[in-house]
Amino acid sequence: MKLNKNIKKRKRINYVNCPSYRSLFFAIYLHDKGEKVVVVTLNNNVKRFCKKVGIDYIFLPKPINKSLNFLNLLFRFRRRVNDILNKINIQKSDRFYLLDNCFTLEGFYFVKKFSEKGEVLFSCLYDHVLPFKGGFSINWFMRVILKFIVKYVSDIKLIFRDVNSKPVLGINKDFLDTYGIHEVDIDYGKIKAKVVNKSSLKLEMHDNLFIDQGLLSLNILNKESVLNLYKNLFSMKIDLAIKEHPNFKTESNLYIEKVFYQDYVPVELIFGNIKKNIISIYSSSLISASEFKNIKAISLLELVEWKNKIYKQKTKQKLVKVAKNKIIFVKSFDELKRILSK
């Protein structure tokens, strides 16, 4: 745990649960407003970013993993959270923001303990995840066992939510009512836009940025078509920097002698350091990039082979709709070269 010494006997502290970058933008938003913020996370990349920009944070161990030692991990996690909450001076006016309804077992347990002294606010910043209604499977059976173990160790009652037709531990209204949690309406789009536009993160300036989603590690695109895209893009004689995905790395010797931004920095906060073009295959960050007046947002999704045509169509439709048709979808490498050469 890393906390500044001057947060004792002070105005309200806002604790923000940040398992990922999406909720981190809300924490940055509060921080930029001059409010006291402490990020609660088990994400090492979120921790690294907080250290870089001077935001206080509490770094938690993962409550479970895929090893057979997960029961011991749960007990260790419970002790760690209890120790942290005993050490920090929670006041009635302090707030804990829970910003997801699944994927954050650590957040759910933190809420249970924090609600005994402070106020807990909930808003789901992610796509609405419905309760799981699937039938019996080995995966479902193992998750049921895990749910009972979590209930035994942490004394929190969870449900299953449906994520890509798979059961994932989450919460419902009963959980909110049990711990007196108040639901609040947070306009994530507006908050993210304010953070990006206000960002003063000064990095090395470049003409072009390629946002690499680490797609070679996923089963979405044909590997050879992606390698061919890299070969064509990286052979162009342009000023091009690369922002890798913090978790999914691209293993390719095509990256030799390329310029990289720090992978733990949210890519949207890099945009102010780019002069001309922001490029990716289908990253949702292109939507934010399309809001910049002097920068082109370019999607390369038509230049690679998709394993699922329907997924490609839905992805493109979403980018077109949300970005209000301001993203350029290039149809050939010649077209891409013409745009990037300007």
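The shown structure was predicted, so the numbers you read here are calculated from the model rather than taken from an experiment.
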Novice: Counting C-beta onward and ignoring hydrogens, is there a side-chain heavy-atom pair between H206 and I270 closer than 4.5 Å?
Specialist: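 The answer is no, as the side chains (C-beta and beyond) never meet within the 4.5 Å cut-off.
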Novice: Which heavy atom of V265 sits nearest to which heavy atom of F49, and what is that distance?
Specialist: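 Heavy-atom minimum between the residues: CA-CD1, 4.1 Å.
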Novice: So which heavy atom on T41 is nearest to which on C18, and how close?
Specialist: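 Looking at all heavy atoms of both residues, the closest pair is OG1-O, 2.6 Å.
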Novice: Check whether any side-chain N or O of N17 sits under 3.5 Å from a backbone N or O of L98 as a donor-acceptor pair, and report yes or no.
Specialist: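 Such a contact is absent between N17 side chain and L98 backbone.
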Novice: With distance as the sole test, does N14 use its side chain to make a donor-acceptor pair with the main-chain N or O of V37 at under 3.5 Å?
Specialist: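 No, the answer is negative, given that no donor and acceptor are paired below the 3.5 Å cut-off.
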Novice: Does one side chain, of N82 or R79, offer a donor that lies under 3.5 Å from an acceptor on the other?
Specialist: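 No, no side-chain donor-acceptor contact under 3.5 Å.
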Novice: Give the minimum heavy-atom separation between N45 and P246, together with the two atoms involved.
Specialist: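 Taking every non-hydrogen atom into account, ND2-CB, 3.3 Å.
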Novice: Please give me the minimum heavy-atom distance between F333 and L229, naming the atom from each residue.
Specialist: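 Here F333 and L229 meet closest at CZ-CA, 3.8 Å.
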Novice: Is any side-chain heavy atom of I171 closer than 4.5 Å to one of L158?
Specialist: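 Yes, side chains in contact.
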Novice: Got a sec: does the NZ of K331 have more than 12 other heavy atoms crowding it under 6.0 Å?
Specialist: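 Result for NZ/K331: enclosed.
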Novice: What do the steps show when you test Y15 against I58 for side-chain contact (heavy atoms from CB on, under 4.5 Å), and what is the final call?
Specialist: CA-CA 9 Å; Y15 296 84; I58 295 172; 4.2 Å; yes
Novice: Run D83 and K87 through salt bridge (Lys or Arg N to Asp or Glu O under 4.0 Å) and show every step you take.
Specialist: CA-CA 6 Å; D83 287 345; K87 290 177 182 177; 5.8 Å; no
Novice: Establish whether I328 and L240 are linked, either directly or via other cluster members, by ILVMFWY side-chain heavy-atom contacts under 4.5 Å.
Specialist: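 Yes, I328 and L240 fall within the same hydrophobic cluster.
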Novice: Applying a strict under-4.5 Å side-chain criterion to I, L, V, M, F, W and Y, I'd like to know whether F271 and M205 cluster together.
Specialist: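 Each belongs to a different hydrophobic cluster.
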Novice: Dump the intermediate steps for side-chain contact (heavy atoms from CB on, under 4.5 Å) on L209 and I211, then the final yes or no.
Specialist: CA-CA 6 Å; L209 173 67; I211 304 170; 4.2 Å; yes
Novice: Would you call the rings of F234 and F210 parallel, tilted or perpendicular, taking 30° and 60° as the class edges?
Specialist: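 It falls in the perpendicular class, over 60°.
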Novice: Got R48 and Q262 here, is their nearest side-chain heavy-atom distance under 4.5 Å?
Specialist: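 In short, these two side chains do not touch, never coming nearer than 4.5 Å.
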Novice: When the ring centroid of Y179 is compared with that of F175, is the distance short of 6.0 Å?
Specialist: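 Yes: the rings meet the under 6.0 Å criterion.
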Novice: Any side-chain heavy-atom pair from C50 and L24 closer than 4.5 angstrom?
Specialist: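 Result yes, sub-4.5 Å side-chain heavy-atom pair found.
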Novice: Might you point out which heavy atoms bring E268 and S285 nearest each other, and give the distance in Å?
Specialist: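 Heavy-atom minimum between the residues: OE2-OG, 3.2 Å.
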Novice: In terms of side-chain heavy atoms, does Y230 have a donor or acceptor partner in D212 at a distance below 3.5 Å?
Specialist: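 Note: Y230 and D212 side chains meet the donor-acceptor criterion.
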Novice: Let me confirm one number: the CG-CE distance from N232 to M236, rounded to the nearest 0.5 Å.
Specialist: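 Result: 6.0 Å between the selected atoms.
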Novice: Starting at CG of N208, measure out to CD1 of I274 and round the result to the nearest 0.5 Å.
Specialist: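 It comes to 7.5 Å.
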Novice: Evaluate whether atom NZ of K194 has more than 12 neighbouring non-hydrogen atoms of other residues, nucleotides or ligands under 6.0 angstrom away.
Specialist: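 No, because the 6.0 Å sphere around NZ of K194 holds 12 heavy atoms or fewer from other groups.
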Novice: Do the side chain of N222 and the main chain of E305 share a donor and acceptor less than 3.5 angstrom apart?
Specialist: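 No: the side chain of N222 does not pair with the backbone of E305.
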Novice: Can you check whether Y29's main-chain N or O pairs, donor with acceptor, with D32's side chain at less than 3.5 Å?
Specialist: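 Not confirmed, D32 side chain does not pair with Y29 backbone.
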Novice: Might you point out which heavy atoms bring I327 and S290 nearest each other, and give the distance in Å?
Specialist: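 Result for this residue pair: CG1-CB, 4.1 Å.
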Novice: For side-chain contact (heavy atoms from CB on, under 4.5 Å), just list the numbers for E291 and K326, CA-CA rounded to whole Å, side-chain angles, deciding distance to a tenth of an Å, and then say yes or no.
Specialist: CA-CA 8 Å; E291 297 296 325; K326 290 186 286 187; 3.4 Å; yes
Novice: Tell me whether I191 shares a hydrophobic cluster with L30, the cluster being built from Ile, Leu, Val, Met, Phe, Trp, Tyr side chains joined at under 4.5 Å.
Specialist: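 Result: yes, single cluster for both.
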Novice: Are F25 and L125 packed together at the side-chain level, in the sense that at least one heavy-atom pair is separated by less than 4.5 angstrom?
Specialist: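 Sidechains of L125 and F25: no contact.
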Novice: Can you find a pair of side-chain heavy atoms, one from I278 and one from F292, that are under 4.5 Å apart?
Specialist: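 They are not in contact (no side-chain heavy atoms under 4.5 Å apart), so the answer is no.
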Novice: Between K11 and E35, is a salt bridge (Lys or Arg N to Asp or Glu O under 4.0 Å) present by the stated rule, with each step listed?
Specialist: CA-CA 9 Å; K11 65 179 182 180; E35 297 195 35; over 6 Å; no
Novice: Please determine whether the number of non-hydrogen atoms from other residues, nucleotides or ligands lying under 6.0 Å from atom NZ of K307 exceeds 12.
Specialist: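 Atom NZ in K307 is crowded, with more than 12 foreign heavy atoms closer than 6.0 Å.
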Novice: Got a donor-acceptor contact below 3.5 angstrom from the Y264 side chain to the N44 backbone?
Specialist: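 The answer is no, because no donor-acceptor pair under 3.5 Å joins these two groups.
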Novice: Counting N and O atoms only, with roles assigned by atom type, does the side chain of N101 sit under 3.5 Å from a partner on the main chain of F122, one being a donor and the other an acceptor?
Specialist: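 Absent.
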Novice: Answer yes if Y188 and F26 sit in the same cluster of Ile, Leu, Val, Met, Phe, Trp and Tyr residues linked by side chain heavy atoms under 4.5 Å apart, and no otherwise.
Specialist: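 Hydrophobic grouping puts Y188 with F26.
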Novice: Determine whether more than 12 heavy atoms belonging to other residues, nucleotides or ligands lie under 6.0 Å from atom CG of N86.
Specialist: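 Yes, enclosed.
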Novice: Has K316 got its NZ or CZ under 6.0 Å from the middle of the six-membered ring of F329, at an angle within 45 degrees of the ring axis?
Specialist: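 Pair K316/F329 counts as cation-pi.
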Novice: Look up atom CG in L303 and atom CG in N228, then write down how far apart they are to the nearest 0.5 Å.
Specialist: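 L303 CG to N228 CG: 9.5 Å, rounded to 0.5 Å.
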Novice: Do I28 and F59 share a hydrophobic cluster (ILVMFWY, side-chain heavy atoms under 4.5 Å, transitive)?
Specialist: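 Yes: a chain of side-chain contacts under 4.5 Å links I28 to F59.
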Novice: For residues 111-119, dump all side-chain donor-acceptor pairs below 3.5 Å to protein atoms at least two apart in sequence or in another chain.
Specialist:
from : atom 1 : to   : atom 2 : distance (Å)
S115 : OG     : V111 : O      : 3.1
S115 : OG     : K112 : O      : 3.0
E119 : OE1    : R95  : NE     : 3.3

Novice: Is the number of heavy atoms from other residues, nucleotides or ligands under 6.0 Å of K92 NZ greater than 12?
Specialist: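 No, the 6.0 Å shell around NZ holds no more than 12 heavy atoms from other groups.
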Novice: So L319 and L301, do their side chains get closer than 4.5 Å, heavy atoms only?
Specialist: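 The answer is yes, as the side chains (C-beta and beyond) meet within the 4.5 Å cut-off.
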Novice: Can you find a pair of side-chain heavy atoms, one from N172 and one from R161, that are under 4.5 Å apart?
Specialist: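 They are in contact (side-chain heavy atoms under 4.5 Å apart), so the answer is yes.
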Novice: Any donor and acceptor pair, going by atom type alone, linking the side chain of S280 with main-chain N or O of S299 inside 3.5 Å?
Specialist: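 No, S280 side chain to S299 backbone: no donor-acceptor pair under 3.5 Å.
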Novice: Which distance, rounded to the nearest 0.5 Å, do you find between the CG of L105 and the CZ of F77?
Specialist: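 Spacing of CG (L105) from CZ (F77) equals 6.0 Å.
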Novice: Let me confirm one number: the CD-CG distance from E106 to L60, rounded to the nearest 0.5 Å.
Specialist: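 Spacing of CD (E106) from CG (L60) equals 6.5 Å.
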Novice: I need the H245 NE2 to D263 CG distance, nearest 0.5 Å.
Specialist: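 So the NE2 of H245 and the CG of D263 are separated by 10.0 Å.
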